[in-house]
Amino acid sequence: MKGKSANFQRRVLAVVAKIPRGQVSTYKEIARRAGNRLAYRAVGNILKKNHDPKIPCHRVIRSDGMAGGYNRGARRKIEILKKDGVLLK
DNA sequence: CGTATGACGTGCA
DNA sequence: GTGCACGCCATAC
């Protein structure tokens with residue numbers, strides 16, 4: 001079995017990539033879908049290091065309704081979500 | 001392996 | 001309702 005530890009990261013990216021446009025998900029939700037619902041911390045960390053433009057990481061927000069952070073600037077993230085019709089706090 | 005980091009979440013004052 | 005401290009997990013070094 002070659003299953004590497006980074007399997008979680010790959011899973012997270014896959015889940016995020018499946019988020020439909022105009023819709024958002026939370027870090028906790030992503031972590032849950034990725035297999036580890038307690039790894040919501042790692043989810044943010046993984047997305048932070050992820051530089052793949054195919055991953056709409058800007059669609060991942062916090063559970064309290066806030067946009068959270070973004071590699072290109074939280075400001076940008078909020079703008080994108082707003083453009084997608086997603087209202088935040 | 002141990003330490004440090006972080007785009008978080010929840011609980012409590 | 002607001003603010004702060006602790007916990008929690010995966011990655012990086």
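Throughout, protein chains are lettered first and strands after them, A, B, ... in sequence-line order, and every chain is numbered starting at 1. Remember, it's a predicted structure, so these values are computed and weren't measured experimentally.
A close approach under 4.0 Å does occur between a side-chain nitrogen or oxygen of A:Arg62 and OP1 or OP2 of B:dG9.
Comparing B:dA7, B:dT10, C:dG7 by their nearest atom to the side chain of A:Cys57 picks out B:dA7. Comparing atom distances between the A:Ala6 side chain and each of C:dA10, C:dT11, B:dG9 picks out C:dT11 as nearest. Here C:dG7 is the nucleotide among C:dA10, B:dA7, C:dG7 with the atom lying nearest to any side-chain atom of A:Tyr40.
Counting heavy atoms from C-beta on, the side chains of A:Leu47 and A:Tyr70 never come closer than 4.5 Å. Residues A:Ile19 and A:Ile30 are in side-chain contact: their nearest non-hydrogen atoms beyond the backbone lie under 4.5 Å apart. Side-chain contact between A:Arg21 and A:Asp84 is present, with at least one heavy-atom pair separated by less than 4.5 Å.
With respect to the salt-bridge test (charged N to carboxylate O, under 4.0 angstrom), the residues A:Arg32 and A:Glu29 qualify. A salt bridge links A:Asp64 with A:Arg62: the closest approach of a Lys/Arg side-chain nitrogen to an acidic carboxylate oxygen falls below 4.0 angstrom.
A distance of 12.0 Å separates CD1 of A:Ile46 from SG of A:Cys57, quoted to the nearest 0.5 Å.
Here B:dA7 presents its C1' atom at 6 Å from NZ of A:Lys77, a figure rounded to the nearest Å. As rounded to whole Å, 14 Å separates atom C1' of B:dG6 from atom CD of A:Gln9. Rounding to whole angstrom units, NE2 of residue A:His51 and C1' of B:dA7 are separated by 12 Å. A straight line from CG of A:Leu47 to P of B:dG6 spans 15 Å, rounded to a whole angstrom. Look at CD1 on A:Ile46: it is 19 Å from P on B:dT5, rounded to the nearest Å. The interatomic distance linking A:Asn45 (CG) with B:dG6 (C1') rounds to 4 Å, in whole Å. For A:Asp52 and B:dA7, the CG to P distance is 19 Å, given to the nearest whole Å. Distance A:Arg11 CZ to C:dA10 C1': 14 Å, rounded to the nearest Å.
Counting non-hydrogen atoms under 4.0 angstrom, A:Asp64 reaches the backbone sugars and phosphates but no base. Nucleic acid contact class of A:Ala42 (heavy atoms, under 4.0 Å, all strands): base.
Of the residues in residues 26-38 of chain A, those lying under 4.0 Å from DNA chain C by heavy-atom distance are A:Asn36, A:Leu38.
Atom CZ of A:Arg11 has 12 or fewer heavy atoms from other residues, nucleotides or ligands within 6.0 Å.
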